[in-house]
Participant: 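My structure is below; once you've seen it, I'll send some questions.
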Amino acid sequence: MNSDQVVTRFAPSPTGYLHIGGARTALFNWLFARGRGGKFLLRIEDTDRARSTPEATAAILKGMDWLGLDHDGEVISQFDRADRHAEVAHEMLASGHAYKCFATQDEIQAFRDAAKAEGKSTLYRSPWRDAAADTHPDAPYVVRLKAPREGATVIKDAVQGDVTIRNDQLDDMICLRSDGTPTYMLAVVVDDHDMGVTHAIRGDDHLNNAARQMLVYQAMGWDIPVWAHIPLIHGADGKKLSKRHGALGVEEYQALGYPAQAMRNYLARLGWSHGDDEFFSDAQALEWFDLKGIGKSPARFDFKKLDNLSGQHLSAMEDEAVLAAYEAFRSVTGEDMLHPQKRDLLLKAMPVLKTSAKTFPQLTEKARFILADRPLERDEKAQGALDEVSRSILKELTPQLQNVSWDRNTLETVLNDLAEAHGTKFGKLAAPLRAALAGRAATPSVFDMMLVLGPDETIARLKDAAT
RNA sequence: GGCCCGUUCGUCUAUCGGUUAGGACGCCAGGUUUUCAACCUGGAAAGACGAGUUCGAUUCUCGUACGGGCUGCCA
């Protein structure tokens, strides 16, 4: 095994869906590891039994899967490793780096309330820190880390630079709860160490915690991984991302009809940059991604830009790939499976469809002339285009199309000639043709539709509209 | 309250002391056109504020303001 190998991890807590901010954190870790031939691990931080649910774990896995963020090895449950965490806590107890604290939660709460009321620091100083063992009562206790009170702790962060926190700001964090279960603060350190994590890219809500976690590394004599604390994503109003901003879970973006590679591109670009590159492939992201390019300030989520990127990716994707992703989208949103025949037509029309749609719902709209069956339901605008005059022209057109060779040039000639015969331009004919072929006023090019539909279906639809 | 972090066009960002402060999305105008979209051309649009260091600050330092985070026997 190569000791230089990069190992990253994504460590969400299973209390809900995969949050969009979490997805970006996962993406950064994935890009960093995969781009360097390293490993990307997944650990579920489920030590809070009251809030963790298997449904949430499943939702996170699903979200990761959709985003294409594959992890190495088994999914690790932090809760399953509780014994190991306790073992480390007891080691620190034995080595004098930790101590038993018998203060009850009520006592501590009372202290905090009083401190707050007086406007004083709410940092709790346990009276048990230096208590002799023979004074210990026979009562439940928590294991606290004995943090230094002098000097300062410097967090070396790959994004934030050196962050110095005075030790008198640190409390003696709890490692083991009074019921013997480990806290996140301890577990995260033990797990990262045991899993061989070399780089931990995580939200900057953990930046302050890093100082206390560092003490555990020091107490155990372990190497500290490279930390990179990335700023959180904010909503469009600059406030913390919350439910009122709409889409929060990645599965919502899937349901909104964004292809996964567009999501990866957009998310990567949110808070990270590689010069002026905006639109890029996964291969390029993998090659370019580094910690240096990560910005320090929080970014806001912008759907307009996502839309644009999404459109560019759709255009650049292979026809089959777009179709496959589109089918997955349809199944997620509960739409019918595509009939093989319609699938073929969609594939045939894909070069046109994919370049004019930004999202899958838009693609559905553009593909309406394929998806809808005769007799077509027409909206008001389409119906309006089929006035008396137009219908008579369509009636005149049908026989002319009967035996022509079905290619673009011929069709253009026929329609242009017809328009000329009526002393008008083709543009005038286009509206009723759209209405006849798609039942809508906004559609792909008339010729594109005719070519995809073929002569029989085209003529049948024209006849439907003419009567 | 204490501590920590952040602040360049509306948004995402580039800039490693010297630039007409660049790009992208969006927006506006024009063009193309067979509707919508797409596409092409052009345009408006930014260094939070105040000091200091320097020949010279968006860039370095300090302060202020604003925003965010932490301050849990949550993660």
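In the text below, chain A, chain B and the rest are named by the order of the sequence lines, each starting its count at 1. The structure displayed is predicted, hence computed values, not measured ones.
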Participant: Taking any strand in view, what nucleotide pairs with rU7(B) in a Watson-Crick or G-U wobble way, both distances under 3.5 Å?
Facilitator: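 Across all strands, the one nucleotide that pairs with rU7(B) is rA65(B).
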Participant: Assuming nearest nucleotide by heavy-atom distance, tell me which of Gln160(A) and Trp272(A) is located more 5' along RNA chain B.
Facilitator: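 Closer to the 5' end of RNA chain B: Gln160(A).
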Participant: With a 4.0 Å cut-off on heavy atoms, is Thr47(A) in touch with a base, just the backbone sugar-phosphate, or nothing at all?
Facilitator: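 It contacts sugar-phosphate atoms only.
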Participant: Quote, to the nearest angstrom, the C1' distance that separates rC60(B) from rG26(B).
Facilitator: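 Comparing C1' positions in rC60(B) and rG26(B) gives a spacing of 34 Å.
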Participant: What's Pro444(A) touching, base or sugar-phosphate or nothing? Going by heavy atoms closer than 4.0 Å.
Facilitator: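 Base, at least one base heavy atom under 4.0 Å.
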Participant: Taking the same atom, P, in rG18(B) and in rU58(B), what whole-Å distance lies between them?
Facilitator: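 Taking atom P in both rG18(B) and rU58(B), they lie 11 Å apart.
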Participant: Side-chain donor or acceptor of Lys305(A) under 3.5 Å from a matching atom on the base of rA24(B)?
Facilitator: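 Side chain to base: pair present.
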Participant: Taking the same atom, C1', in rC62(B) and in rU41(B), what whole-Å distance lies between them?
Facilitator: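 Straight-line distance between the two C1' atoms is 48 Å.
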Participant: If I pick the P atom on rG31(B) and the same atom on rU35(B), what distance separates them, to the nearest angstrom?
Facilitator: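 It comes out at 14 Å once rounded to the nearest Å.
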Participant: Please state the P separation for the pair rG52(B) and rC40(B) - nearest whole angstrom.
Facilitator: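 Result for the P pair: 49 Å, nearest Å.
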Participant: Using OP1 and OP2 only, check whether a side-chain N or O of Arg51(A) sits under 4.0 Å from rA75(B).
Facilitator: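 No, Arg51(A) has no side-chain N/O under 4.0 Å of OP1/OP2 on rA75(B).
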Participant: Rounded to whole Å, how long is the line connecting atom CZ of Arg144(A) with atom P of rC73(B)?
Facilitator: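 For the pair Arg144(A) CZ and rC73(B) P, the rounded distance is 7 Å.
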Participant: Going by ring pair (Phe, Tyr, Trp, His ring centres under 6.0 Å), Tyr266(A) matches just one of Phe303(A), Tyr253(A), Phe301(A). Which one?
Facilitator: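 Going through the options one by one, the only one that passes is Phe301(A).
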Participant: Considering only atom P, compute the distance from rG22(B) to rA14(B) and round it to an integer number of Å.
Facilitator: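 Comparing P positions in rG22(B) and rA14(B) gives a spacing of 15 Å.
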Participant: Determine the contact category for Thr164(A): base if any of its heavy atoms lies under 4.0 Å from a base atom, sugar-phosphate if only primed atoms, P, OP1 or OP2 are that close, otherwise nothing.
Facilitator: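 Sugar-phosphate: the residue Thr164(A), judged by heavy atoms under 4.0 Å, touches backbone atoms but no base.
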Participant: Counting any heavy atom closer than 4.0 Å, what does Ser273(A) reach on the DNA or RNA strands: base, sugar-phosphate only, or nothing?
Facilitator: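 Sugar-phosphate, no base atom in range.
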Participant: In terms of side-chain geometry, is the basic nitrogen of Glu150(A) or Arg166(A) positioned less than 4.0 Å from the acidic oxygen of its partner?
Facilitator: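 No salt bridge links Glu150(A) with Arg166(A).
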Participant: Between rG22(B), rU35(B), rU34(B), spot the one nearest the side chain of Val446(A), thanks.
Facilitator: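 From the listed options, rU34(B) comes nearest.
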Participant: Regarding Arg81(A) and Glu87(A), does a basic nitrogen lie under 4.0 Å from an acidic carboxylate oxygen?
Facilitator: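 Between Glu87(A) and Arg81(A) there is no salt bridge, as every charged N stays at least 4.0 Å from the carboxylate O atoms.
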Participant: Specify the residue among Arg434(A) and Leu123(A) whose closest nucleotide of RNA chain B lies further upstream toward the 5′ end.
Facilitator: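 Checking each residue's closest nucleotide, the 5'-ward one belongs to Arg434(A).
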Participant: Nearest to the side chain of Asp171(A), heavy atoms from C-beta on, is which of rG72(B), rA24(B), rU35(B)?
Facilitator: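 Nearest to the side chain of Asp171(A) among the choices is rG72(B).
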Participant: Roughly how many Å apart are rU61(B) and rU53(B), using the C1' atom of each and rounding to a whole number?
Facilitator: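 Their C1' atoms lie roughly 7 Å apart.
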Participant: Please measure how far the C1' atom in rA51(B) lies from the corresponding atom in rA57(B), and state the result in whole Å.
Facilitator: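 Per the computed distance, 13 Å lies between those C1' atoms.
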Participant: Is Val163(A) touching bases, backbone alone, or none of the nucleic acid, heavy atoms closer than 4.0 Å?
Facilitator: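 Since only primed, P, OP1 and OP2 atoms lie under 4.0 Å of Val163(A), the category is sugar-phosphate.
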Participant: Measuring centre to centre across the rings, with the benzene-like ring taken for any Trp, is Trp128(A) within less than 6.0 Å of Tyr99(A)?
Facilitator: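 That pair fails the under 6.0 Å test.
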Participant: Salt bridge check, Asp192(A) against Arg43(A): does any charged N sit closer than 4.0 Å to a carboxylate O?
Facilitator: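 A salt bridge is present here (some side-chain N lies under 4.0 Å from a carboxylate O).
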